[in-house]
**Student:** 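Just passing along the structure, written as structure tokens.
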Amino acid sequence: PQNPKTPRKGGKAIKIKRMEVDQGAGHATPGTSNLELSTDRQATRAAGASNGATELLFDQDRLKIYYERIFPYKLMFKWISYGKMVQRDHQSLMSLDDGTHSTYFHQREFCFTLADDVYCRYLCFKNADHFRQALIDKVPYKIDIGAVYNIAPDRHNASDKKAFMPLQKEMVFDIDMNDYDDVRTCCQGANVCERCFAYLKIAMRVIQDTLHEDFDFSNLLWVFSGRRGIHAWVCDEQARQMTNEMRNAVGKDADLQILTR
């Protein structure tokens, strides 16, 4: 969809912040999407004290148990592989099998943010078990999911920089609650309550309808960002292959502004 239709929703009171996705982004920038676990004890205590909730603390040991027993690494592998599995010949030599179950998954860049903001870029994994073991060993506080490259990201230094190229990346929309601070009266900043979360629900509906009706996208994954908003992952293959210019054009079609009186 290089020439998006003219927006049909200009009169609606919706404000959506667009995330411009860089196909090559693989670190903690606005061009990536992430899974984040807060380890700020003071912030957690303050939140619990303000709403009377039971205090819940995260530390390295609990996080490791989470990765060992709860984290859905098999589902993550299944999702990000998109069924693009390695086809093996039963007559081939076992010695040639390096354990790669999906080349598509193996050529995807991951970035782990460890304790004390230590960044580990150009990570990649041959299969779901390899991914799980890395999570248990490194215990990341945040996981950034980057683009799929033409070679495995951990080999990026083995070739010329110009030869290391991104091929695909999901198109991601980021809706932040603080973008509604000029119209909501209940909360401010990263704080969210049931009343102002309605703005996010409306934005979700507008984005979903726009992507489906104007661009025929149907494979959307909505996730809570972990802090102050929601992310929409557009996973259709056509979306994953789009250039940055095409992504920006799609974003502009859903770029609506709050109308105040």
Side-chain angles (χ1 to χ4, degrees), residues 1-2 4-5 16-36 71-86 100-112 123-128 131-132 135 142-150 152-153 165-176 200-201 203-227 229-255:
Q2 297 187 40
K5 298 178 182 178
I16 300 171
K17 180 181 179 182
R18 185 176 66 258
M19 175 182 282
E20 297 180 358
V21 179
D22 186 332
Q23 290 179 323
H27 50 88
T29 69
T32 60
S33 289
N34 60 67
L35 307 170
E36 184 171 357
F71 187 86
Y73 65 96
K74 288 184 179 179
L75 287 176
M76 289 282 291
F77 175 81
K78 183 178 180 181
W79 162 40
I80 300 179
S81 297
Y82 294 102
K84 300 179 184 293
M85 309 302 289
V86 172
T100 300
H101 293 177
S102 169
T103 302
Y104 191 86
F105 184 86
H106 187 209
Q107 293 176 191
R108 167 92 64 170
E109 183 191 1
F110 289 81
C111 172
F112 288 175
L123 302 176
C124 59
F125 310 103
K126 295 179 179 181
N127 51 57
F131 180 41
R132 175 179 181 270
L135 293 171
K142 184 171 69 170
I143 306 169
D144 286 289
I145 304 173
V148 177
Y149 286 84
N150 57 332
M165 298 176 56
L167 301 178
Q168 293 189 13
K169 177 70 172 68
E170 293 81 358
M171 180 167 57
V172 183
F173 288 82
D174 178 13
I175 310 174
D176 288 334
L200 298 183
K201 291 180 180 179
M204 288 171 61
R205 181 62 183 268
V206 171
I207 288 181
Q208 186 141 328
D209 288 351
T210 298
L211 293 175
H212 178 67
E213 296 174 13
D214 293 357
F215 302 97
D216 201 29
F217 291 139
S218 57
N219 295 312
L220 269 68
L221 174 65
W222 290 96
V223 293
F224 179 58
S225 66
R227 204 174 267 184
I230 51 179
H231 294 168
W233 284 64
V234 187
C235 301
D236 298 72
E237 186 164 9
Q238 186 181 13
R240 302 198 307 267
Q241 295 174 346
M242 292 172 68
T243 64
N244 287 336
E245 291 75 18
M246 295 166 69
R247 293 162 190 259
N248 289 337
V250 173
K252 288 178 181 178
D253 192 53
D255 192 11

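Treat the numbers as computed from the prediction; the structure is a model and nothing was measured.
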**Student:** Which distance, rounded to the nearest 0.5 Å, do you find between the CZ of Arg108 and the OG of Ser81?
**Tutor:** 9.0 Å

**Student:** Just how far is it from atom CG of Leu220 to atom CD of Glu170, taken to the nearest 0.5 Å?
**Tutor:**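 Rounded to the nearest 0.5 Å, the CG-CD separation comes to 11.5 Å.
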
**Student:** To the nearest 0.5 angstrom, please state how far the CZ atom of Phe77 sits from the NZ atom of Lys126.
**Tutor:** 13.0 Å

**Student:** Would a distance-only check, ignoring hydrogens and angles, find a side-chain to backbone donor-acceptor pair under 3.5 Å from Thr100 to Thr103?
**Tutor:**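 Here the side-chain-to-backbone pair does not exist.
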
**Student:** So, the side chain of Gln107 versus the backbone of Tyr149: is there a donor-acceptor pair under 3.5 Å, distance only?
**Tutor:**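 Such a contact is found between Gln107 side chain and Tyr149 backbone.
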
**Student:** Kindly say whether Met165 contributes a backbone atom to a donor-acceptor pair with the side chain of Asn150 at under 3.5 angstrom?
**Tutor:** yes

**Student:** Starting from the C-alpha separation in whole Å, work towards a yes-or-no answer on side chain to side chain contact (heavy atoms under 4.5 Å, CB included) for Val250 and Phe173.
**Tutor:** CA-CA 10 Å; Val250 173; Phe173 288 82; 4.1 Å; yes

**Student:** Main chain of Met171, side chain of Arg240: is a donor-acceptor contact present, judged purely on distance under 3.5 Å?
**Tutor:** no

**Student:** What do the steps show when you test Val86 against His101 for side chain to side chain contact (heavy atoms under 4.5 Å, CB included), and what is the final call?
**Tutor:** CA-CA 5 Å; Val86 172; His101 293 177; 5.8 Å; no

**Student:** Kindly compute the distance separating CZ (Phe71) from CZ (Arg132), expressed to the nearest 0.5 Å.
**Tutor:**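 So the CZ of Phe71 and the CZ of Arg132 are separated by 11.5 Å.
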
**Student:** State, with a plain yes or no, whether a side-chain heavy atom of Trp222 is found less than 4.5 Å away from one of Ile207.
**Tutor:** yes

**Student:** Can you confirm whether Phe215 sits close enough to Val234 that some side-chain heavy atom of one is under 4.5 Å from a side-chain heavy atom of the other?
**Tutor:**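 A side-chain contact is absent here, since even the closest heavy-atom pair is not under 4.5 Å.
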
**Student:** So, does Ser102 use its side chain to make a donor-acceptor pair with the main chain of Lys84 at under 3.5 Å?
**Tutor:**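 Yes, the answer is positive, given that a donor and an acceptor are paired below the 3.5 Å cut-off.
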
**Student:** What verdict does the side chain to side chain contact (heavy atoms under 4.5 Å, CB included) test give for Tyr82 and Val148, after you've listed the backbone C-alpha separation in whole Å, the side-chain angles of each residue and the deciding distance to 0.1 Å?
**Tutor:** CA-CA 12 Å; Tyr82 294 102; Val148 177; over 6 Å; no

**Student:** Taking the six-membered ring for Trp, are Phe112 and Phe125 parallel (under 30°), tilted (30 to 60°) or perpendicular (over 60°)?
**Tutor:** parallel

**Student:** Can you tell me if Asp236 uses its side chain to pair, donor with acceptor, with the backbone of Asn219 under 3.5 Å?
**Tutor:** yes

**Student:** Would you give the length of the straight line joining atom CE of Met246 to atom CD of Gln238, rounded to the nearest 0.5 angstrom?
**Tutor:** 6.5 Å

**Student:** For the residue pair Phe110 and Phe105, categorise the inter-ring angle as parallel (less than 30°), tilted (30 to 60°) or perpendicular (more than 60°).
**Tutor:**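 Rings of Phe110 and Phe105: tilted, 30 to 60°.
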
**Student:** Can you tell me how far the CG atom of Leu135 sits from the CD1 atom of Ile143, to the nearest 0.5 Å?
**Tutor:** 5.0 Å

**Student:** Taking all non-hydrogen atoms of both residues, which atom of Val172 and which atom of His231 are closest, and how far apart?
**Tutor:**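 So the minimum-distance heavy-atom pair works out to CG1-CB, 4.2 Å.
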
